[in-house]
Amino acid sequence: MTVLVTGGAGYIGGHMVLALVDAGEKVVVIDNLSTGYAWAVPEGVELIVGDFGDADLVGQTLATHGVDAIAHFAAKIVVPESLADPLGYYLNNTSNARTLIECAVKAKVKHFIFSSTAAVYGETGSQPVTETTPLNPISPYGRSKLMTEWMLEDAARAYDFRYVALRYFNVAGADPQGRLGQTSKLATHLIKIGAQTALGRRPSMSIYGQDYPTRDGTCERDYIQVTDLAEAHLDALRYLRNGGASTVCNCGYGHGATVKEVIDVVKKVSGVDFEVEIAPRRPGDPAVIVARAERAREVLGWTPKRDNLEEIVAQALDWERRLHNKGL
Ligand code: UFG
């Protein structure tokens, strides 16, 4: 039995590959290296450079590797970019995902784990969000992912096929063993930018808005450590192989930190009191996004072990130093 990981040369998919290999699973990766890196795929794991929407390539891979489960991470993930290029997002995140699901059904691959996102909730008006909170995505990114959730739901009804869609909240940190972390050059993520600023790669950083209705006026998010998230996928894989019914689960810790609180932790852990400017609000930022994530614990048996912002920040700092040594 082999697991096909699409996007396995990227940030979250790469951590999933490590978790699978650590668990003794056989893995094959399809990644077009548009944002991922071949060196992120560990030795002994076959990397096929290509598109997950290429039906011939996927069909051949499923047939020749004895694949019993697909973990689908490959996607475009930048919200502002999705507003400028909605059709590109629908092509990649929705249309190509349809092709991938069809390949799975044709090849009788019965288990599918999908990287969904808290962006499917959009402006909900109530926090924390549960899996039954009404969905109102406000970006093409969130909509493109939600449409794939719907295709999976319909496919699972029609065919011998089951899935788990995991809705990620704010993924952060790096492999505790230092093998991998967030590498994207264009990352806009708060903790990565904080780490880069603490290490002097940026002269200063900005807080986008301090007039939100939160405890200190800055936005609140539920930051989840990336290895904990990868382990939720391992639990989903076990659940599906044991015959579990298709489901959707939030992946977060159920509590949030504000932008100011995160920056204070970065300063404390790095020991650097870097410059922070107050800037206007960033368009599209909701004040608070926090998960209720009991379902992943109850249904999948997920037990997160790394709910510690100081450790998450320390991992991010460590990874930024390693990237610098790699010349990235
Ligand atoms: N922020 C700053 N300064 C920065 C960077 C970010 O103040 O330099 C703020 C943002 O305005 C936001 C918070 O920090 O309030 C978190 O921002 P991130 O960019 O780290 O994360 P987002 O919550 O915007 O995005 C996350 C995921 C996306 C996902 C989105 C929607 O990273 O992939 O949630 O759920 F699409």
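Remember, it's a predicted structure, so these values are computed and weren't measured experimentally. Numbering of ligands and ligand atoms starts at 1, following listing order. Note that the numbering runs from 1 along the sequence shown for the chain.
Under a 4.0 Å N-O distance rule, the pair Glu320/Lys192 qualifies as a salt bridge. Contact check on Glu131 versus Arg167 returns no salt bridge, with no Lys/Arg side-chain nitrogen under 4.0 Å from an Asp/Glu carboxylate oxygen. At a threshold of 4.0 Å, the pair Arg322-Asp175 does not count as salt-bridged, since none of the basic side-chain nitrogens sits closer than that to a carboxylate oxygen. Lys110 has a carboxylate O that lies under 4.0 Å from a charged side-chain N of Asp160, or vice versa, which qualifies the two as a salt bridge. Taking the charged nitrogens against the carboxylate oxygens, Lys260 and Asp264 have no contact shorter than 4.0 Å, which rules out a salt bridge. A salt bridge does not link Glu149 with Lys145: every distance from a Lys NZ or Arg NE/NH1/NH2 to an Asp or Glu carboxylate oxygen is 4.0 Å or more.
Shown here, atom 2 (C) of ligand 1 is in close reach of the protein: a heavy atom of it lies under 4.0 Å off.
Among protein heavy atoms, atom 11 (O) of ligand 1 sits closest to Asp285 OD2, 2.5 Å. The shortest contact between atom 35 (O) of ligand 1 and any protein heavy atom is with Ala119 N, 3.4 Å. For atom 19 (O) of ligand 1, the nearest non-hydrogen atom of the protein is Arg282 NH2, 3.1 Å. Protein heavy atom closest to atom 15 (O) of ligand 1, with residue, atom name and distance, is Cys219 CB, 3.1 Å. From the protein, the heavy atom lying nearest to atom 4 (C) of ligand 1 is Tyr208 CE1, 3.4 Å. Among all protein heavy atoms, the one lying closest to atom 33 (O) of ligand 1 is Ile77 O, 3.9 Å. Nearest protein heavy-atom neighbour of atom 5 (C) of ligand 1: Thr188 O, 3.5 Å. Looking at atom 21 (O) of ligand 1, its nearest protein heavy atom turns out to be Asn170 ND2, 3.1 Å.
A donor-acceptor pair under 3.5 Å is absent between the side-chain atoms of Asn32 and the main chain of Val49, judged by distance alone.
With sequence neighbours excluded, the residues satisfying side chain to side chain contact (heavy atoms under 4.5 Å, CB included) with Ile278 are Ile207, Gln210.
Counting atoms of ligand 1 from 1 in the listed order, those under 4.0 Å from a heavy atom of Ile193 are 8 (O). Every atom of ligand 1 is numbered from 1 in the order shown, and the set under 4.0 Å from a heavy atom of His189 is 19 (O), 20 (O), 32 (O). Within the listing of ligand 1, atoms 2 (C), 3 (N), 4 (C), 7 (O), 8 (O) sit less than 4.0 angstrom from a heavy atom of Ser206. Listed by number with element, the atoms of ligand 1 under 4.0 Å from a non-hydrogen atom of Val259 are 7 (O), 9 (C), 13 (C), 14 (O), 15 (O). Of all the atoms in ligand 1, the ones that sit under 4.0 Å from a non-hydrogen atom of Ile207 are 7 (O).
There is no side-chain donor-acceptor pair under 3.5 Å between Thr214 and Glu220.
Remark: ligand 1 and Val79 share no N or O pair separated by less than 3.5 Å (distance only, no angle test).
For Tyr223, the heavy-atom gap to ligand 1 drops under 4.0 angstrom.
When heavy-atom distances to ligand 1 are checked against a 4.0 Å cut-off, Tyr141 comes that close only through its side chain, counted from C-beta outward. Contacts of Leu190 with ligand 1, taken as heavy-atom pairs under 4.0 Å, involve both backbone and side chain.
Connection of Leu300 to Leu234 is established within a shared hydrophobic cluster, with ILVMFWY side chains joined at heavy-atom distances below 4.5 Å, either directly or through further cluster members.
Aromatic ring pairs are classed by plane angle as parallel below 30°, tilted from 30° to 60° and perpendicular above 60°; the pair Phe161 and Phe112 is tilted.
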